[in-house]
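The structure under discussion appears below in the form of structure tokens.
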Amino acid sequence: MKNTDWFSKDAISDRLTRICEPHVHKFFRANMFHVVGRDADLVIDFGMGLANLRSELHIPSGKPVFAVATHVHVDHIGSFHEFETRLGHEAEAEAFARMPDADTLADYFRTQSDALTATPPTGMTPEAYKIPPAPLTTILAENDVIDIGDASYTVLHLPGHSPGSIGLLDQKTGTFFSGDAIYQGGLVDDLPGCDRGVYRETMARLSDLDVHVVHGGHGAEFGRSRMQEIARDYLDATATGK
Ligand SMILES: [Zn+2]
Ligand SMILES: [Zn+2]
């Protein structure tokens, strides 16, 4: 398959595109986002790395690009190494530098049946799958701000799904990129690196967060009331004694 055909793209607005890998098993089919800014572009999450992502974004040469990984899981960081300026949370900095299976959970992909429905441009097979290391060039922490000129994004540390999970919130418009901390569909809190108690604190925070639209790590976007509903459902389902 040609590199260009590997990705699907949805224009959410004239500035925001959601990118996906339709030939990847749904468990590993994550959202990537490209925000076109005035002074710099923002790319959030990087899929499986089975094709070259950067060349498909058509970013003018010389324009700065902030590549932000919401967390170090395999379905979000495959093409992270293609970008020069790489940002992620301090809790996963070591993992980005080495990409060990214990943190990326890439072994789950290698053994997934029907992992791919087409041969990727790189020719990579699931059995031989490897993630190139992508050391962070900027280490993020809660409250850091990423400024692309006409918009800025505040980093929210949202651990529980993974130790270094982050979200990016444009406080002016309420646009929220939530990674795998919250999305519509089955949330994951039972893999190595997950922490249910910590995840509950994140959900309590999210249930109070003022947002307009949420773009999650998987699935379609949703609004504030739906986010509150998902967060409350999680808190109910994991309450002590249940
Ligand atoms: Zn994840
Ligand atoms: Zn994911």
Side-chain angles (χ1 to χ4, degrees), residues 6-8 10 18-34 43-51 53 67-81 86-96 98-112 114-116 120 126 129 131 134 136 140 155-168 176-203 205-206 214-222 227 230-231 234 238:
W6 184 251
F7 300 100
S8 66
D10 288 302
R18 178 179 55 222
I19 302 134
C20 216
E21 292 173 289
H23 303 288
V24 172
H25 190 283
K26 65 174 192 266
F27 291 171
F28 299 91
R29 195 186 305 146
N31 291 328
M32 298 160 257
F33 298 97
H34 177 203
V43 182
I44 301 167
D45 283 351
F46 307 91
M48 296 294 305
L50 298 166
L53 172 66
V68 181
T70 60
H71 63 303
V72 78
H73 284 166
V74 53
D75 48 332
H76 298 261
I77 41 85
S79 286
F80 198 26
H81 69 100
R86 297 180 298 269
L87 303 85
H89 192 266
E90 54 190 353
E92 290 173 359
E94 265 182 56
F96 286 113
R98 293 187 302 112
M99 300 292 190
D101 281 4
D103 296 297
T104 66
L105 310 179
D107 42 335
Y108 288 79
F109 177 70
R110 284 188 210 106
T111 54
Q112 176 68 51
D114 304 320
L116 301 172
Y129 181 74
I131 305 167
L136 300 179
L140 297 174
V155 173
L156 310 187
H157 185 208
L158 305 171
H161 171 75
S162 79
S165 279
I166 57 169
L168 295 182
F176 180 42
F177 296 96
S178 61
D180 281 1
I182 196 161
Y183 53 80
Q184 300 199 87
L187 297 170
V188 176
D189 66 358
D190 58 354
L191 292 174
C194 296
D195 184 322
R196 217 168 265 174
V198 170
Y199 209 165
R200 285 177 54 82
E201 289 167 27
T202 286
M203 285 301 187
R205 180 181 185 188
L206 290 173
V214 186
H215 299 288
H218 298 263
E221 66 267 30
F222 52 99
M227 182 167 83
I230 296 167
Y234 184 86
T238 56

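Just so you know, these numbers come straight off a predicted model, no measurement behind them. Numbers for residues simply follow the sequence, beginning at 1. Just follow the structure's listing: the first ligand is 1, and inside any ligand the first atom is 1.
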Using a cut-off of strictly less than 2.8 Å, determine whether His71 has an N/O/S atom near the Zn ion (ligand 2).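 So His71 does not bind the Zn ion (ligand 2) by this criterion.
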
Look at His73 and state whether any of its N, O or S atoms is less than 2.8 Å from the Zn ion (ligand 2).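 No, His73 does not qualify, because none of its backbone or side-chain N, O or S atoms lies under 2.8 Å.
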
Roughly how far, to the nearest 0.5 Å, is the NE2 atom of His73 from the CG atom of Asp45?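 It comes to 11.5 Å.
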
Any [X] side-chain heavy atom under 4.5 Å of [Y] side chain:
X: Leu50; Y: Tyr129; answer: yes
X: His218; Y: Lys26; answer: no
X: Met48; Y: Asp75; answer: yes
X: Val68; Y: Leu140; answer: yes

Measuring to the Zn ion (ligand 1), does Asp75 have an N/O/S atom at a distance below 2.8 Å?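 No - counting backbone and side chain alike, Asp75 has no N, O or S atom under 2.8 Å.
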
Regarding His161, does it place an N, O or S atom less than 2.8 Å from the Zn ion (ligand 1)?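 Here the distance criterion (N, O or S atom, under 2.8 Å) is met by His161, so yes.
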
Do you know which N/O/S atom name in Asp180 is closest to the Zn ion (ligand 1)?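 Per the distance ranking, Asp180 contributes OD2 as its closest N/O/S atom to the Zn ion (ligand 1).
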
